[in-house]
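Everything on this sheet refers to the single structure shown next.
All ligand and atom numbering here is 1-based and tracks the order in the structure. Basis for what follows: all heavy atoms, side chains included, without hydrogens, waters or symmetry-related copies.
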Amino acid sequence: MHLKVLILGGGNGAHVHAGIAASNPDNEVRVLSLFQDEAERWSKALESSDLVLDYTDVDGKEQQFVSKPGLITNDPKVAVPGSDIIVFVVPAFAHAQYWEALKPHMEPGMVVIGMPGAAGWEFQAYDILGDKAKGITFFNFNSLPWTCRVTEFGKRADIVGFKEHFVGAIRKGRVEPKVDPLKAIQQSLGPLPVCAAYGDLLGMTLTYTNAFIHPSIMYGRWHDWDGKPVSESPLFYQGLDQTSADLLSSVSGEIVAIAKAICAKNADIDLSNVKHISDITLDFYADDIEDKSSFLRMMQSNKAYEGLRHPVTNNEGGGVSPNFKFRYLCEDVPFGLVVHRGIAEIVGVPTPNIDKIITWGQGLIGKEFLVDGKITGKDIGMTRAPQRYGFTTLDAILGDHL
Ligand code: NAI
């Protein structure tokens, strides 16, 4: 099918999606970047060059995608009209300005895809788009299909790895989507990863794993830190200890309990896509895990996590200290755990472990989200907790008011 693909963003993932999609002549590819002069720089880079993506295929052979996306712009009125699918490939903290920019130009039947949308993506959309959200189909994934890095801005990127399977969830608008959402995203991504969709859209918000993996492991390693520099940055996953693994498992258990409580209140909601972290890890990384004897050993022996270390800053006098300003707390708490906690509050599920981590993390980043057991802190305006949008019922977070 002839497919009009609009990609939002200008970073690693946006380069790769634009390059792969444009390598299929059936796709008409536009990119919208609202960040500084990024669109202008990327356009200029492509005047004298193709966009080249380097990767190694399954047989170990070096391969490339070589293409040229049709349009790179910062102008939504040029980019948005006529699009069949619009794909968010930009970190969550930057999403609001894209929803605002899309809104005036959105047409019923468009399909908007979060890749990843991260936790609370749809709440922000329902709030900003208002009535316009009625005609839109939302399709959220909880990750990016590749591990990838830009190597030369605008011109070249490395695809370090492709996911094999890529699972999301769809919420159809009241208007039939212009294209089949699953076929369309697959056509824009090429044969790998193999895309699928099941369960309610809310399931993607609840299983956005960065939201709880990073803050849980940060808490486990540093909550009783004595403030003295350590000799080197500890391994993030390989260095996990039993207590931290248990905490992460308990946090994930609280999220599964939230999903169960929602389904108990409304039997029509399918949250079978909300799984415990040990099952998610096995789904994602079955071939990368050497020892599946326990959750701790799965995390420690996952080759995909090899060598990843805690974010740190160097100390003048030697050694390193944890960097609490890194995205593992600054983004993953307000755009992750706080969203989960807000949903728990609506359905009345106690979350003692999530609360403990938010209380610790919000202090370190100088914010206030959870106060006296409620998501009412003065900084909830910077989060995507449902309460921030005035959504305080299950119907509201499911988009049933649309
Ligand atoms: P990135 O870090 O490359 O994104 C940078 C882009 O974000 C910039 O080029 C700009 O377009 C935008 N941006 C940055 N600061 C901004 C600001 N202050 N205001 C407005 N826009 C701003 O992101 P990447 O690597 O493409 O990842 C996209 C999403 O996918 C993220 O949520 C990331 O966590 C996730 N992800 C990335 C993976 C990877 O291998 N790159 C792997 C798995 C998930």
Ligand 1 versus Trp146: contacting region, heavy-atom distance under 4.0 Å
backbone
Less than 4.0 Å is my threshold; does some heavy atom of Arg149 fall inside it relative to ligand 1?
yes
How far is atom 20 (C) of ligand 1 from the closest protein heavy atom, and which atom is that?
Gln97 NE2, 3.0 Å
To which protein heavy atom is atom 38 (C) of ligand 1 closest, and what is the distance rounded to 0.1 Å?
Leu144 CD2, 3.5 Å
Thr147 heavy atoms, cut-off 4.0 Å: which ligand 1 atoms fall inside?
40 (O)
Is the distance between the ring centroids of His95 and Phe335 less than 6.0 Å?
no
Distance from atom 14 (C) of ligand 1 to nearest protein heavy atom, with residue and atom:
Phe93 CZ, 4.0 Å
Flag atom 33 (C) of ligand 1 as yes if some protein heavy-atom distance to it falls below 4.0 Å, otherwise no.
no
is_close_aromatic(Trp146, Phe166), centroid dist under 6.0 Å
no
Are any of the heavy atoms in Pro91 under 4.0 Å away from ligand 1?
yes
Aromatic plane relationship, Tyr305 with Tyr237 - under 30° parallel, 30 to 60° tilted, over 60° perpendicular:
parallel
Ignoring hydrogens and angles, state whether a donor on the side chain of Ser249 or His276 is under 3.5 Å from an acceptor on the partner side chain.
yes
Looking only at protein heavy atoms, which one is nearest to atom 1 (P) of ligand 1, and what is the separation?
Asn12 ND2, 3.9 Å
Starting from atom 22 (C) of ligand 1, locate the nearest protein heavy atom and write down its residue, its atom name and how far away it is, to 0.1 Å.
Phe35 CD1, 3.5 Å
Among all protein heavy atoms in this structure, tell me which lies nearest to atom 12 (C) of ligand 1, with the distance rounded to 0.1 Å.
Val90 CG2, 3.7 Å
Would you call the rings of Trp222 and Trp225 parallel, tilted or perpendicular if under 30° counts as parallel and over 60° as perpendicular?
perpendicular
Would you say His15 contacts ligand 1, with heavy atoms under 4.0 Å as the rule?
no
Given Pro116, Gly13, Gly11, which has its nearest heavy atom closest to atom 5 (C) of ligand 1?
Gly11
For this output row, return yes or no: ring centroids of Trp360 and Phe324 closer than 6.0 angstrom.
yes
heavy-atom search around atom 9 (O) of ligand 1 in the protein gives Glu38 OE2, 2.5 Å
Could you check whether any side-chain heavy atom of Trp121 comes within less than 4.5 Å of a side-chain heavy atom of Phe138, counting everything from C-beta outward?
yes
Atoms of ligand 1 less than 4.0 Å from Ala94 heavy atoms?
20 (C), 21 (N)
For atom 40 (O) of ligand 1, what is the closest protein heavy atom, and at what distance to 0.1 Å?
Cys148 N, 3.0 Å
Please find out if less than 6.0 Å separates the ring center of Phe153 from that of His15.
yes
Under a 4.5 Å cut-off applied to non-hydrogen side-chain atoms, are Ile262 and Leu271 in contact?
yes
Assess the pair Phe162 and Tyr55: is the distance between their ring centroids shorter than 6.0 Å?
yes
